[in-house]
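Order of the sequence lines fixes the chain letters, A, B, ..., with proteins taken first and strands second; residue numbering starts at 1 for each chain. Please read these numbers as outputs of a predicted model, since none were measured by experiment.
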There are 2 protein chains.
Amino acid sequence: MVARSYGQYCGVTTAVELIGERWALLIVRDLLVGPRRYTDLKQGLPKIPTNILSTRLKELQEGGVVRRVPLLNCGLVYELTPYGRRLEPIVLALGRWGFAQMGDPGPDDVITADSLTMALRTAFRPDAAADLPPADYEMHVGDVVLRVQVSDELAVTQLAPPAPPVGGRLPSEQPDVVFAAGPGIRLLISGDVTPADAIDREIVAVVSGDGMLLERFAATFHIDPAGAAVLPA
Amino acid sequence: MVARSYGQYCGVTTAVELIGERWALLIVRDLLVGPRRYTDLKQGLPKIPTNILSTRLKELQEGGVVRRVPLLNCGLVYELTPYGRRLEPIVLALGRWGFAQMGDPGPDDVITADSLTMALRTAFRPDAAADLPPADYEMHVGDVVLRVQVSDELAVTQLAPPAPPVGGRLPSEQPDVVFAAGPGIRLLISGDVTPADAIDREIVAVVSGDGMLLERFAATFHIDPAGAAVLPA
DNA sequence: CCGGATCCGAATCGATACTG
DNA sequence: CAGTATCGATTCGGATCCGG
């Protein structure tokens with residue numbers, strides 16, 4: 001199972017032979033969030049054929065990008081090797097680059113927990129976060145619920161969508177604000193709409209907590225699409 | 001001719017739909033060196049089928065990455081749009097990442113002028129160059145001849161391989177050193193061999209000029225295979 | 001020579017079904 | 001849960017051909 005060669009002796013070519021096959025970089029994207037089981041990956045990439053996932057994981061292992069780690073009595077997970085983890089800045093930069101060209105979602109497009117987590121990492125501005133007080137958000141997008149905790153660092157945790165634990169949460173565990181968003185949240189990230197506008201236009205809806213914190217959110221997570229090519233009609 | 005969708009609403013996914021198809025990023029790599037005609041691209045990517053090159057160029061145009069520019073009475077060239085040019089740090093980072101995994105060249109692997117030029121940009125260390133006196137190299141690798149001029153900036157020019165102009169060059173046009181190298185030059189870039197070793201082991205051969213300048217070359221062009229993939233902000 | 005378009009066999013991908 | 005097996009649909013690769 002040798003990768004089809006491009007016939008060139010070059011670092012870029014080598015890289016593309018390692019992670020350039022269809023679906024490979026999206027597998028890497030999800031593994032950058034954390035180790036994942038086969039089934040998790042399949043769920044996070046709903047349209048990937050199972051045989052392709054299987055093949056890619058083998059190729060990525062051969063390439064030294066991914067490692068297969070058995071768990072005690074608990075199945076196994078795939079995780080990035082240190083070499084694979086060095087792709088993080090590249091994947092984030094690609095996410096930033098692609099963001100500028102994102103239009104509206106297609107009718108069948110989904111937003112997954114891992115892709116949204118990486119999108120937040122893509123948009124995170126540590127310098128802005130350092131100048132602002134810490135904040136603790138709970139973000140709902142489609143079926144995905146993320147707890148986004150910002151201090152100097154960014155910590156994103158995936159929460160189970162269903163009912164909160166009976167008895168409610170302790171105050172110290174409560175996020176400062178809970179909000180729900182649609183795909184239009186892209187416009188908040190790009191700065192095309194202000195948080196106030198976003199609420200007016202129902203791009204985001206504050207479920208509970210202090211809605212003013214959306215200002216802080218927009219300052220902390222931002223991608224400037226400047227320089228994006230306008231597609232010819 | 002719509003790109004096969006991955007079914008996700010995500011920046012990384014969008015990016016991969018734009019430049020993730022086979023050969024696409026190598027076309028971008030060559031266009032990062034400069035505008036190229038269809039025939040130049042075909043020569044620089046010897047193994048690309050002509051129909052694939054044609055298809056990719058159309059897709060890259062649709063994606064706003066590449067632009068088709070007619071020249072006055074001289075055919076036409078393809079060039080990156082400003083948006084496409086924003087891929088440069090990503091392609092360089094990928095080259096650095098792939099470099100760490102490069103083994104020996106396959107029997108049919110070639111080194112092209114554009115890929116070598118990008119490899120030099122990949123390995124270029126501006127901070128090291130700033131601390132050293134300017135240098136002017138002429139580098140032969142296979143059939144490729146590059147003039148590599150380092151001051152604060154890096155300038156690489158492709159030279160015609162055949163006979164030098166009759167009467168020789170003027171002294172002011174002469175490079176400080178002319179050297180020939182094989183694929184083993186990778187070991188010089190990675191620091192696995194010293195310049196002196198490289199000469200001893202016939203990885204490089206000094207054709208004319210001051211061979212000691214290879215020390216400066218090795219200090220200016222370096223990729224640490226263990227180093228983090230550094231993406232400039 | 002430049003800038004492709006066309007045709008066709010080979011390899012890959014995608015969807016579904018099936019298994020230890 | 002973690003994949004294999006199968007098979008039609010698509011794409012890729014190699015070669016040829018064509019108008020300027």
Side-chain angles (χ1 to χ4, degrees), chain A residues 1-8 13 16-27 30-31 35-63 66-79 106 108-110, chain B residues 1-8 13 16-27 30-31 35-62 66-79 106 108-110 160:
Chain A
M1 191 198 313
V2 61
R4 283 177 292 173
S5 168
Y6 289 97
Q8 303 200 350
T13 306
V16 172
E17 284 171 359
L18 286 170
I19 50 151
E21 296 289 303
R22 201 164 161 72
W23 291 105
L25 207 60
L26 300 184
I27 294 171
D30 283 8
L31 290 179
R36 291 287 181 266
R37 355 177 121 247
Y38 188 90
T39 318
D40 300 332
L41 290 169
K42 201 162 65 166
Q43 275 213 328
L45 302 165
K47 293 190 61 174
I48 194 175
T50 167
N51 56 342
I52 297 294
L53 176 56
S54 166
T55 304
R56 288 296 168 271
L57 285 170
K58 273 178 220 153
E59 292 164 353
L60 290 170
Q61 284 172 79
E62 279 186 55
V66 161
R67 180 159 60 195
R68 195 178 195 264
V69 182
L71 300 179
L72 290 161
N73 312 326
C74 300
L76 56 89
V77 293
Y78 294 90
E79 67 178 18
D108 298 339
D109 284 357
V110 298
Chain B
M1 189 201 309
V2 59
R4 283 179 292 172
S5 167
Y6 289 96
Q8 302 198 351
T13 306
V16 172
E17 285 172 0
L18 285 170
I19 51 153
E21 295 290 303
R22 201 162 162 72
W23 291 106
L25 208 59
L26 300 184
I27 294 172
D30 283 8
L31 290 180
R36 292 288 180 265
R37 357 178 116 243
Y38 188 90
T39 317
D40 300 331
L41 290 169
K42 203 162 63 169
Q43 275 213 329
L45 302 165
K47 294 190 62 176
I48 195 175
T50 166
N51 57 340
I52 299 293
L53 176 56
S54 167
T55 303
R56 289 297 168 270
L57 286 171
K58 273 177 220 156
E59 291 164 352
L60 290 170
Q61 284 173 77
E62 279 185 57
V66 161
R67 182 158 60 191
R68 195 177 195 264
V69 181
L71 301 178
L72 290 161
N73 312 325
C74 303
L76 55 89
V77 293
Y78 294 91
E79 67 177 19
D108 297 340
D109 284 357
V110 298

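In this structure, A:Leu53 reaches neither bases nor backbone, as no heavy-atom distance under 4.0 Å exists between it and the strands shown.
A distance of 4.5 Å separates CG in A:Leu53 from CG in A:Leu57, rounded to the nearest 0.5 Å. Taking CZ of B:Arg56 as the start and CD of B:Glu59 as the end, the distance is 4.5 Å to the nearest 0.5 Å.
One atom, CZ of A:Arg22, and another, P of D:dT10, lie 13 Å apart when rounded to the nearest Å. Between the NZ atom of A:Lys42 and the C1' atom of D:dG3 there is a distance of 8 Å, rounded to whole Å. In this entry the distance linking OH of A:Tyr6 with C1' of D:dC12 reads 11 Å, nearest Å. Spacing between atom CZ of A:Arg4 and atom C1' of C:dA11 amounts to 7 Å, rounded to whole angstrom units. The nearest whole Å value for the distance from the CG atom in B:Leu76 to the P atom in D:dG20 is 16 Å. One atom, CD1 of B:Ile52, and another, C1' of C:dA5, lie 13 Å apart when rounded to the nearest Å. Rounded to an integer number of Å, the gap from B:Glu17 CD to D:dT11 P is 14 Å. Here the P atom of nucleotide C:dG14 and the CG atom of A:Leu26 are 11 Å apart, to the nearest Å.
Residue whose closest nucleotide on DNA chain D sits further toward the 5' end, between A:Cys74 and B:Arg56: A:Cys74.
Recorded end-axis angle for the helix from C:dC1-D:dG20 to C:dG20-D:dC1 stands at 30°, based on five pairs per end and rounded to 10 degrees.
At the phosphate of C:dG3, neither OP1 nor OP2 sits under 4.0 Å from any side-chain N or O atom of B:Lys58. When the side-chain nitrogen and oxygen atoms of A:Tyr78 are compared with OP1 and OP2 of D:dC1, none of them lie within a distance under 4.0 Å. Between D:dC12 and B:Trp23, no contact under 4.0 Å exists linking OP1 or OP2 to a side-chain N or O. For D:dA2, one of the phosphate oxygens OP1 or OP2 lies less than 4.0 angstrom from a side-chain nitrogen or oxygen of A:Thr39. At least one side-chain nitrogen or oxygen of A:Arg37 sits closer than 4.0 Å to the OP1 or OP2 atom of D:dA2.
A:Glu79 pairs by the side-chain hydrogen bond (donor to acceptor under 3.5 Å, both in side chains) definition with A:Arg67, not counting sequence neighbours. With sequence neighbours left out, A:Asp109 forms a side chain to side chain contact (heavy atoms under 4.5 Å, CB included) with A:Pro105, B:Ser5, B:Tyr9.
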Nucleotide by nucleotide, 5' to 3', does protein get under 4.0 Å of the base (B), only the sugar-phosphate (S), or neither (-) in nucleotides 15-20 of chain C, counting heavy atoms?
BBB---

Indicate every side-chain donor-acceptor pair of residues 38-47 of chain B with a distance under 3.5 Å to a residue at least two apart or in another chain.
residue : atom : partner : partner atom : Å
B:Tyr38 : OH   : B:Thr50 : O            : 2.9
B:Tyr38 : OH   : B:Thr50 : OG1          : 2.9
B:Asp40 : OD2  : B:Arg37 : N            : 3.0

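With respect to B:Tyr78, the side-chain contact (heavy atoms from CB on, under 4.5 Å) criterion is satisfied by exactly one of B:Asp30, B:Val66, B:Leu60, B:Ile27: B:Val66.
Closest approach of B:Pro70 to B:Leu76, counting heavy atoms only: CA-CB, 3.8 Å. Listed here is the closest heavy atom pair of A:Gly63 and A:Leu18: CA-CD2, 3.5 Å.
Between the side chain of B:Glu17 and the main chain of B:Tyr6, a donor-acceptor pair closer than 3.5 Å is present. Listed for the B:Arg68 side chain is no donor-acceptor partner under 3.5 Å among the backbone atoms of B:Lys58.
Nearest to the side-chain atoms of A:Arg68 among the listed nucleotides D:dG13, C:dC2, D:dA2 stands D:dA2.
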